[in-house]
2 protein chains.
Amino acid sequence: MSETASPPPTPPRPNGRAKPRQSDIARAAGVSQATVSLVLRGATTGVVLAPETRRRVLRAAEDLGYVPDPVATRLAAARNGMLGLYTFSTTFPTDVAHSYYPVLVGVEEEAAAQGQDLILFTGASRAAGTTSDAAAVRRVRAADGCLFFGRHVPEDPIRRLSEDGFPFVYIGRREEPGISHVGADYVSASAEVAARLAALGHHRVRYLRENDDAPASTDRERGVVDGARGAGLETVGLVERTDGGDVDARLARWRDEGVTAVVTEETDTGAALSGLTAAVARAGLSCPGDLSLALLGTPAAAPAAPVTGLAGAISGFGVPMREMGRAAVRLLLDLIEGSAAPQSHLLACEPVAGATLGPPHPGR
Amino acid sequence: MSETASPPPTPPRPNGRAKPRQSDIARAAGVSQATVSLVLRGATTGVVLAPETRRRVLRAAEDLGYVPDPVATRLAAARNGMLGLYTFSTTFPTDVAHSYYPVLVGVEEEAAAQGQDLILFTGASRAAGTTSDAAAVRRVRAADGCLFFGRHVPEDPIRRLSEDGFPFVYIGRREEPGISHVGADYVSASAEVAARLAALGHHRVRYLRENDDAPASTDRERGVVDGARGAGLETVGLVERTDGGDVDARLARWRDEGVTAVVTEETDTGAALSGLTAAVARAGLSCPGDLSLALLGTPAAAPAAPVTGLAGAISGFGVPMREMGRAAVRLLLDLIEGSAAPQSHLLACEPVAGATLGPPHPGR
DNA sequence: CTGAAAGCGCTTACAG
DNA sequence: CTGAAAGCGCTTACAG
């Protein structure tokens with residue numbers, strides 16, 4: 001704020017050789033800038049440098065603390081060793097997307113292992129759905145390739161990237177053909193949970209899903225329904241949808257109907273789960289004493305706040321978020337190197353034994 | 001994996017009428033490329049375009065579906081619009097540094113607001129303390145400036161950056177002169193907690209700090225001691241150090257000594273706090289019934305797992321981590337623009353009323 | 001009011 | 001084996 005009549009009007013780079021360039025190295029080493037480039041990028045096809053020249057250049061680069069400018073490198077159409085990460089809907093939503101953190105951890109781990117840095121593109125944080133979405137997504141080209149994630153993604157900007165052959169992969173299930181993604185095998189895992197219920201002797205079950213058609217929710221429903229059918233559970237009236245606020249009445253009705261187990265899902269909002277557990281607590285029920293309870297997905301809060309009336313963890317399955325992050329990085333690198341064609345990976349979910357499943361105890 | 005002998009060895013951009021550039025628009029509108037640039041970026045200082053020219057250019061741009069190349073734009077802007085973020089000790093340690101997440105959130109928010117992207121440098125994730133630390137830190141120059149954080153940082157590489165005039169700021173307290181940082185005002189906040197205890201009538205108090213000399217711990221101790229002195233609390237034997245595992249015996253001794261309140265601190269390991277609360281639980285004590293308890297700093301777990309024997313949140317103060325992240329980004333940008341000299345900011349901590357403070361209840 | 005030129009920092013043929 | 005040149009797509013003084 002202090003506009004102290006500085007002689008040079010805001011010099012972009014304060015003073016000193018804050019950011020040495022190849023030309024600085026060239027001068028110091030007594031060679032041309034092009035030679036510096038050749039030495040620094042390592043062995044280009046056929047080109048052989050005199051060992052002595054090589055050494056001088058490397059030495060000078062080291063002395064000056066040279067680091068290539070990623071943007072210039074990209075403009076000149078080369079790799080810069082950086083992978084993009086673009087999250088839709090407020091990149092780090094303090095509230096909701098804590099559920100994304102494990103993915104970030106996985107991405108970061110694998111990127112580090114592969115010697116890649118990460119560019120976090122922040123475009124998505126502003127007013128969502130703006131036309132600037134397009135501009136924001138475009139910036140992604142500053143990286144060698146990009147990872148996308150988030151439930152609802154703007155399709156158009158992505159399609160353009162795809163057409164241009166820019167390498168990217170989604171973290172999470174996608175429907176679009178020809179687009180790479182790594183997701184979780186919700187279908188199998190959900191079916192397995194249904195089978196577990198049947199094995200315990202349950203017959204009349206309810207699946208309470210969120211009222212939000214994301215691929216993850218669709219997959220889970222399919223898994224539950226298929227699994228229920230396969231295991232001989234009742235399937236009529238099996239699936240119900242909620243926004244999270246209307247669970248008390250349902251719960252009472254279910255009890256009247258003789259429902260002995262309820263399955264629900266965890267999403268980034270956690271609405272269905274919190275609605276259900278709150279209703280269970282208010283009804284004074286305990287799990288699995290009065291009702292068996294299963295959850296499809298990992299609860300957002302890392303050290304899951306113990307749910308009132310529940311002895312321990314909720315039974316069901318966990319989503320391998322960290323491993324999804326890692327796998328996505330590996331796939332992306334293959335795509336960038338051209339050693340793989342666009343493809344999809346579905347990772348298995350880990351069953352969670354938990355403490356909320358037991359034999360059926362019909363309602364009063 | 002499928003090496004399907006593709007004719008063109010992975011062409012960067014497939015085919016089609018390649019993206020239109022400004023020169024294409026220029027040709028179509030019958031003006032120079034520079035004029036196109038002027039029109040497109042809106043009003044540059046003093047430059048006034050003929051409305052007719054403006055219209056023609058805009059029209060042509062529209063027709064051709066022009067969108068600026070973000071990479072070229074950044075290169076020409078002589079800034080790459082990227083801020084670095086470098087975390088010491090495993091960038092995203094799954095275990096410990098969950099406490100860093102709020103800082104990340106703040107950094108991301110402000111970066112987004114300022115139209116900057118973030119480069120996450122992953123160098124620190126490997127074997128710590130390696131000589132590669134230097135090399136890793138050097139990479140940071142790829143960004144316009146950099147944010148550093150973590151308790152223990154390698155001094156040499158940083159000094160070098162400083163000498164070269166590379167803009168950077170620490171998140172957290174630093175002792176080095178001439179280096180920018182934004183930290184929390186632990187001294188004042190800690191003193192205030194001591195004063196609160198005195199106001200409640202406590203006289204004999206203990207401060208259990210971690211056995212780790214980081215600036216944050218030093219500041220807290222100073223604040224507690226100063227505050228205790230100022231408020232008339234006993235200061236002899238006030239401070240004790242722990243590694244977290246030896247608290248049971250102390251607790252018994254304190255009770256015998258007539259201690260009525262204990263203050264401890266939260267760090268990235270959380271050792272002192274968890275050691276203390278565990279001891280309190282094992283001793284069958286409740287807070288503030290048997291003992292008042294205060295905490296300097298925010299517990300790591302976001303939805304703090306309710307501590308056994310404690311009614312609600314622990315009294316004390318919280319660290320404004322998110323705001324520190326935001327402030328650090330703003331400072332860094334000022335540094336990069338040269339509109340500010342290196343400087344330090346200390347942010348106020350928020351008092352947490354909590355439920356663990358009450359009037360003194362001398363031990364048995 | 002607009003054009004011609006230089007430059008951002010790098011890569012990549014192409015000559016010597 | 002290395003230098004000189006052109007180019008990636010834009011911005012920014014500087015002349016007219």
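Every chain is numbered from 1, with letters handed out A, B, ... down the list of sequences.
Of the charged side-chain nitrogens involved, none lies within less than 4.0 Å of a carboxylate oxygen, so that B:D69 and A:R141 do not count as a salt-bridged pair. Look at B:R160 and B:D164 and you find a salt bridge, because one of the NZ, NE, NH1 or NH2 atoms lies within 4.0 Å of a carboxylate O, short of that distance. Between A:E108 and A:R326, no side-chain nitrogen of the basic residue sits less than 4.0 Å from a carboxylate oxygen of the acidic one, so the salt-bridge criterion is not met. Remark: B:E323 engages B:R330 in a salt bridge, criterion side-chain N to carboxylate O under 4.0 Å.
The distance from atom CG of A:L75 to atom C1' of C:dT11 is 10 Å, rounded to the nearest whole Å. Per the geometry, CZ belonging to A:R27 stands 18 Å off C1' belonging to D:dT2, to the nearest Å. Atom CG of B:D69 and atom C1' of D:dG7 are 13 Å apart (whole Å). A:R138 has its CZ atom 14 Å from the C1' atom of D:dG9, to the nearest Å. Distance CD1 (B:I25) to P (D:dG9): 13 Å, rounded to an integer number of Å.
Relative ring orientation between A:Y170 and A:F148 is described as tilted, the plane-to-plane angle lying within the 30° to 60° band.
Across all strands shown, B:S23 has no heavy atoms under 4.0 Å from either base or sugar-phosphate atoms.
When distances run from any side-chain atom of A:R41 to the nucleotides C:dG9, C:dT11, D:dG9, the shortest one goes to C:dT11. Between D:dG7, D:dT2, C:dT2, one nucleotide has an atom nearer to the side chain of A:T53 than all others, and that is D:dT2.
A 6.0 Å sphere centred on CD of A:E52 holds more than 12 heavy atoms belonging to other residues, nucleotides or ligands.
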How does DNA chain D read in dot-bracket, base by base from 5' to 3', with Watson-Crick or G-U pairs under 3.5 Å and | used when the partner is on another strand? |||.||||||||.|||

Side chain to side chain contact (heavy atoms under 4.5 Å, CB included) between A:F166 and A:V140: does it pass, once the steps are laid out? CA-CA 9 Å; A:F166 182 83; A:V140 130; 3.4 Å; yes

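In summary, of the residues considered (A:L332, A:V169, A:L147), a side chain to side chain contact (heavy atoms under 4.5 Å, CB included) with A:V182 occurs for A:V169 alone.
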Find every protein N or O atom lying less than 3.5 Å from an N or O atom of nucleotides 3-6 of chain D, and list the pairs.
unit_1 : atom_1 : unit_2 : atom_2 : d
D:dG3  : OP2    : A:S32  : N      : 3.0
D:dG3  : OP2    : A:S32  : OG     : 3.3
D:dG3  : OP2    : A:T35  : OG1    : 2.7

